[in-house]
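Beneath this line is the structure, given in structure tokens, with notes to follow.
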Protein chains: 2
Amino acid sequence: MLDRDGFERFSLRRLAEHLGVTPMAVYNHISGKEALLRAVAEHVVAGAKYRAVRGDWRAAVRDCFRTLRRTCLAHPGAVPLIESAEALPPSIFRPMEITLTALEGAGLSSRDALRAYFLLTTFTLGQVSYQIRGWGRGVDPGSALRDDRLERDAFPAVVQAVSSRPWDFDASFEFGLAVIIAGLGAQRRE
Amino acid sequence: MLDRDGFERFSLRRLAEHLGVTPMAVYNHISGKEALLRAVAEHVVAGAKYRAVRGDWRAAVRDCFRTLRRTCLAHPGAVPLIESAEALPPSIFRPMEITLTALEGAGLSSRDALRAYFLLTTFTLGQVSYQIRGWGRGVDPGSALRDDRLERDAFPAVVQAVSSRPWDFDASFEFGLAVIIAGLGAQRRE
DNA sequence: ACCTGAACACCGTTCAAGT
DNA sequence: ACCTGAACACCGTTCAAGT
């Protein structure tokens, strides 16, 4: 229901109707709406299969966040729940463990490795979030600037860049990941 | 009210009560809740003052996203609105214009410059979002793993890293920004 | 031009009652 | 153990009526 109708449209009463049952029957199985949505988020997060990547830290980090991204994109309706979750199952720390181990092994300090993980995870989830809600809504300058001559003149580079469509989210994510890994490599050398 | 009570607690009826007026009076000034929240998001976004940074692209990009971050952090209650906004005022494209101009001037292709902007903006807004909701809730392994011996053994690097508290969001953001800019410098050289 | 009161269609949730 | 029906406290929104 979340993937089909979206997060905003979901309600316990609609769920009950979908199950052919009275709204209150749900409370025999779960303590409330919040607990139900948290359980969904936990289920999606727990479903991620992180491979044990041997070899260099770059491959390990790349594989790890590609997996995280793929897991999230498989359940777009659950992404808002994951982002706003107050508690998630231990498997959410797998990418963190992998990243910290890889980067500390590569010579980064414990503190920088943690910051690098924070960088990678906000980037990855941010890209997923924008992709799901559509890089159109609110951020697509194409629709916002299309007819407005005055605004177009104020943002020439934006107008020029937007003509190079369609947008490739996969390629954009890979670009960002490559940039971050290159930057971490530079950080490591210092 | 948004900054004080948070996004979830806000309702038109509470707003009306706060104004000492009937809930329906609001509709004489705005078409509905969605429009009101959008107007708030637009106001916050429009309030960002981006400086014209001359000199190298690194300084321009750094200053630009520092300003975006500071603007968002000044109104934590509005950040969810900005992230979920369907349309935002033209000033949301100022960072995009600045970034594209700076990076294309530095030799990146138009497509890569756009991807770099996407990287920078998802990173910046992601960091802000986590900071606002508290890098504790859901992502802080300290609370999730504290008492659980079994889980602690499964994530040694996480447990070790978390002891280096307290977390410095400013420093973490600066670290990420530096890594991205270093990575873009490497990308530029190819 | 702005506000009010009553009403409607939705919510999540509680509680007593059923089987 | 699980479901139901009625009810409560909240929503956003419409509409006719007031000044």
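Only this structure's heavy atoms are used, side chains among them; waters, hydrogens and symmetry mates stay out. Treat the numbers as computed from the prediction; the structure is a model and nothing was measured. Labels below follow one simple rule: chain letters A, B, ... track the order of the sequence lines, proteins then strands, and each chain is numbered from 1.
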task = Identify, residue by residue, the members of residues 23-31 of chain A with a heavy atom below 4.0 Å from DNA chain C, and return them in order of residue number, or none.
result = Met24(A), Tyr27(A)
inquiry  = Has Thr121(A) got a side-chain atom pairing as donor or acceptor with Tyr117(A)'s backbone, closer than 3.5 angstrom?
reply    = no
key: Electrostatic pair Arg58(B):Asp63(B) at N-O distance under 4.0 angstrom   = no
Side-chain heavy atoms of Ile180(A) within contact of Val61(A), under 4.5 Å = no
message = Between the side chains of Arg115(A) and Asp112(A), is the shortest nitrogen-to-carboxylate-oxygen separation below 4.0 Å, so that they form an ion pair?
response = yes
key: Base-paired stems in DNA chain C, each at least three Watson-Crick or G-U pairs under 3.5 Å   = C:4-8 with D:12-16, C:12-16 with D:4-8
inquiry  = Assigning hydrophobic clusters by single linkage (Ile, Leu, Val, Met, Phe, Trp, Tyr; side-chain heavy-atom cutoff under 4.5 Å), is Leu15(B) placed with Val21(B)?
reply    = yes
request  = Scan Phe123(B), Trp167(B), Phe175(B) and name whichever one has a ring pair (Phe, Tyr, Trp, His ring centres under 6.0 Å) with Phe118(A).
outcome  = Trp167(B)
note = Footprint ends on DNA chain D, 5' to 3', for atoms under 4.0 angstrom from a heavy atom of chain B, come out as dC11(D) to dT14(D)
message = Taking the side chain as everything from C-beta on, heavy atoms only, tell me whether Leu100(B) gets closer than 4.5 Å to Leu114(B).
response = yes
ask   = At their closest point, which heavy atom of Ala16(A) faces which heavy atom of Val26(A), and how far apart are they?
value = CB-CG2, 4.3 Å
task = Name the nucleic acid region contacted by Arg9(B), choosing base, sugar-phosphate or nothing; use a 4.0 angstrom heavy-atom cut-off, strictly under.
result = nothing
Ion pair Asp168(A)/Arg111(B), N-O distance below 4.0 Å = no
inquiry  = Looking at Phe155(B), I'd like to know if the NZ or CZ of Arg94(A) sits under 6.0 Å from its six-membered ring centre while staying within 45 degrees of the ring's axis.
reply    = no
